[in-house]
Amino acid sequence: MSDDITVIAVDELNEEQATQELKRLAQEISAHDQRYYQNDAPTVSDAEYDDLRRRNLEIEARFPNLIREDSPSNKVGAAVASGFAKVQHAVPMLSLGNAFDDADVHEFFARIRRFLGLDEKEQIEVVAEPKIDGLSISLRYERGEFILAATRGDGQEGENVTANIATMGEVPKSVLVEMPEIVEVRGEVYLSHTAFHDINLQREKDDEPTFANPRNAAAGSLRQLDSTITAQRPLQIFAYAWGELSDAIAETQWDFLQALKLWGFPVNPHARICESAEEAIAYHQEISGMRTDLDYDIDGIVYKVNRLDWQQRLGFVSRAPRWAIAHKFPAEKAQTVLEEITIQVGRTGALTPVANLLPITVGGVVVSRATLHNADEIERKDIREGDTVVIQRAGDVIPQVVEVLTEKRPTESKPYEFPERCPECGSLAVREAGEAVIRCTGGLICPAQNLERLKHFVSRQAFDIDGLGGKHIDAFQAEGLIKSPGDIFRLHEKHELLRQREGWGDKSVDNLISSIEERRTIALERFIYALGIRQVGQATGRQLALHYGSLDEWMSAMKQATSERQNQPEETKKPELVGDAFNGLCDIDGIGISMADDIVQFIGEPQNVAIIEDLAASLNVEDAAQPDTSASEIAGKTVVFTGTLETISRAEAKATAEALGAKVTGSVSKTTDYVVVGADPGSKATKAKDLGVTVLSEEDWRALIAN
Ligand code: IVH
């Protein structure tokens, strides 16, 4: 054998040699990183560099106990991981829509049929498989070698957990069967019940807090900065989907699963093809019946359209595919005593009653609070303090009170009286016409509302400022350091005050200020989401950003829409009679009138506009990156479809147009570029002619998009 350990095959290294090799590789890779990233002067080819990283990873997989703190697997490029390095997903990791009962499943099949324009005789095959209650993960392979593992994160950007995943025996480090050059395998990492109980037993012995359920234990194990801890936890994986692929692999979902097996990934053995909604529902019942016999947690069944060409056509709505759905299992229930009802004030002023419960375990999790939704709900169910109640918990949603056991009610009990004033600021609490929610009217003078808005502003999906969490916001607001979002970006002016705070050294102040500085540049979609407008979540934030492109465009359109809506005479409050800006807003996919009204109401408050302008003056809000439609003839054009289309459903026509970069709206105006008319067009075709807008037949349209 050669003395030179750098040429010894990984499976022939002994522990001492491995230790030395890992040390050498860490130094060598770091030096290459420095030359490549900092000096722009690499001294090795990319392939040689990849070989070093791969060797490092293979050694770590064989000797997880030897993984170094400065392991190259914990770093992306030259950025040293503080916590975990961030990884941008090449293809976003999506979530799934839910079906809660049989009717939802039938509707899922019917929707697909409508969208694809299939007739009743055509079968829609789906692959049905258990929905694993674990953590989703994306595993990247290049030329058959495992090179990167990332968590889902917010779906766009996750965390680099390569070193930890490399400790898992079930994850192939090299795929020996032929596979495309780039393959991202996606799946769910989980812990078996057996492993979960063993871990908790050990933790009890060691006087450490136990995990609430297998999912939390798996998450805790995966997010270990020290991979040697992960290596001691027998994490497992089921692979079920893909991200980036350099070549097509299969024509059906089913064949893709077979390829995964061939490559050596565990695929759930219960996956099965179902040929109709009825078969899918029967499968759901069958698996539900054996749920308790499985050694891992599942929380439903996922159905995925089998034909991949259909998946492609069906595409996505906001963050979930149209071609898949999660059919959830009914929630787990338990009985306990409701000790007290308290009121929480949300960021939009909504007063939410909360049930404070005698703590109880439901489905492996200790529950001590449940939402009571609103005053109507309390009245309808006659929920009272002191009652014995049935609560239920489904997945990650907040537990709910489903029933009161009136026979167990104490004799002195009285109906609950909802407060007439905000418990936080004393302002009148009112219910708007047609709304179930009672709201505090204090607006930003209500400290609770303001506080919640600030917390939302810095939250993970919004500005995501490292080191500025809810607790800091609480304290900074109480001390008057932060009153409005703009104050966050002026915090550096008060650094003297910060340095005097108890427990805060120069270093923590400097870190905070620099992480705030990092967020001075922010994507438009995050900015919009961060404002905390009622009903405007991340998906809507993104839709708005894509539609309007820049902060200036968005603000001027919103101001216009607000004045159109406010100046509309009361008797004509019909949306179709409002101006173009408001109509344009309602027409955006997933928005509609109620959400549009919430947006204009927000912009109608001068203090909100002042907050936005204050932020705009000191931030760089980035324009939304438009989808790559450079080759498309219709990019940036506004299109209206009217009449019955014959070769394609309306929904698919709209989705295709949007994918090519067009805006699809419902009403014709002078800014419309094309009106596509099907059979029996109505007044829109006439209006288009009157306004001189180009009218296309369905055939013309197909020719246009074929270009
Ligand atoms: S498919 C684009 N299949 O459920 C669709 N997801 O609620 C990608 N999950 O984020 C997901 N088991 O973490 C799929 N057999 C399965 C699954 C599964 C669990 C998780 C996954 C996803 C979440 C959505």
Side-chain angles (χ1 to χ4, degrees), residues 89-100 104-105 108 112 126-139 149-159 161 165 170 184-192 213-216 218-219 222-223 235-245 250 252-254 256-258 260-261 265-274 280 283-284 287-288 291 294-308 310-329 331 394-397 461 538-539:
H89 296 301
V91 174
M93 290 182 80
L94 300 153
S95 52
L96 292 171
N98 290 324
F100 294 102
D104 291 348
V105 177
F108 170 68
I112 292 170
V126 296
V127 172
E129 59 194 38
K131 182 170 185 298
I132 314 299
D133 195 7
L135 307 150
S136 44
I137 194 91
S138 187
L139 310 173
T151 60
R152 178 173 186 278
D154 64 3
Q156 309 286 331
E157 187 183 80
E159 286 176 330
V161 288
I165 292 292
E170 287 191 346
E184 277 177 11
V185 172
R186 291 185 175 169
E188 204 80 357
V189 169
Y190 67 95
L191 271 176
S192 69
N213 54 39
R215 188 178 183 282
N216 288 359
L222 190 57
R223 296 196 78 265
L235 288 169
Q236 290 180 273
I237 186 169
F238 282 123
Y240 51 66
W242 60 92
E244 189 178 350
L245 288 179
T252 61
Q253 181 78 34
W254 185 256
F256 177 78
L257 292 183
Q258 309 318 308
L260 285 175
K261 281 193 224 169
F265 294 92
V267 168
N268 192 282
H270 301 290
R272 185 188 301 166
I273 293 181
C274 297
Y283 173 87
H284 183 267
I287 301 290
S288 170
R291 190 176 172 192
L294 296 174
D295 195 25
Y296 47 87
D297 276 350
I298 62 175
D299 56 355
I301 300 294
V302 185
Y303 308 128
K304 302 171 191 175
V305 168
N306 196 23
R307 275 178 61 166
L308 300 189
W310 284 0
Q311 288 191 5
Q312 177 80 28
R313 279 173 63 194
L314 285 159
F316 303 87
V317 235
S318 60
R319 298 190 157 218
R322 288 196 188 83
W323 45 265
I325 201 161
H327 186 182
K328 300 305 258 306
F329 292 132
D396 279 343
V397 299
Q461 284 81 17
Q538 279 175 279

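Just so you know, ligand 1 is whichever comes first in the structure, and atom 1 is the first atom listed for that ligand.
From Ile132, atom CD1 reaches atom CD1 of Ile237 across 10.5 Å, with rounding to the nearest 0.5 Å. To the nearest 0.5 angstrom, Gln258 atom CD is 10.5 Å from Gln253 atom CD.
The side-chain heavy atoms of Asp299 and Arg215, taken from C-beta on, include no pair separated by under 4.5 Å. Ile298 places a side-chain heavy atom less than 4.5 Å from the side chain of Arg291.
Heavy atoms from other residues, nucleotides or ligands lying under 6.0 Å from CZ of Arg307 number more than 12.
For the ring-ring contact (aromatic ring centres under 6.0 Å, His included) test, residues two or more places apart in sequence or in another chain that qualify with His284 are His327, Phe329.
Within 4.0 Å of ligand 1, heavy atoms belong to protein residues Leu94, Leu96, Glu129, Pro130, Lys131, Ile132, Ser136, Arg152, Glu188, Tyr240, Val302, Lys304, Pro321, Trp323.
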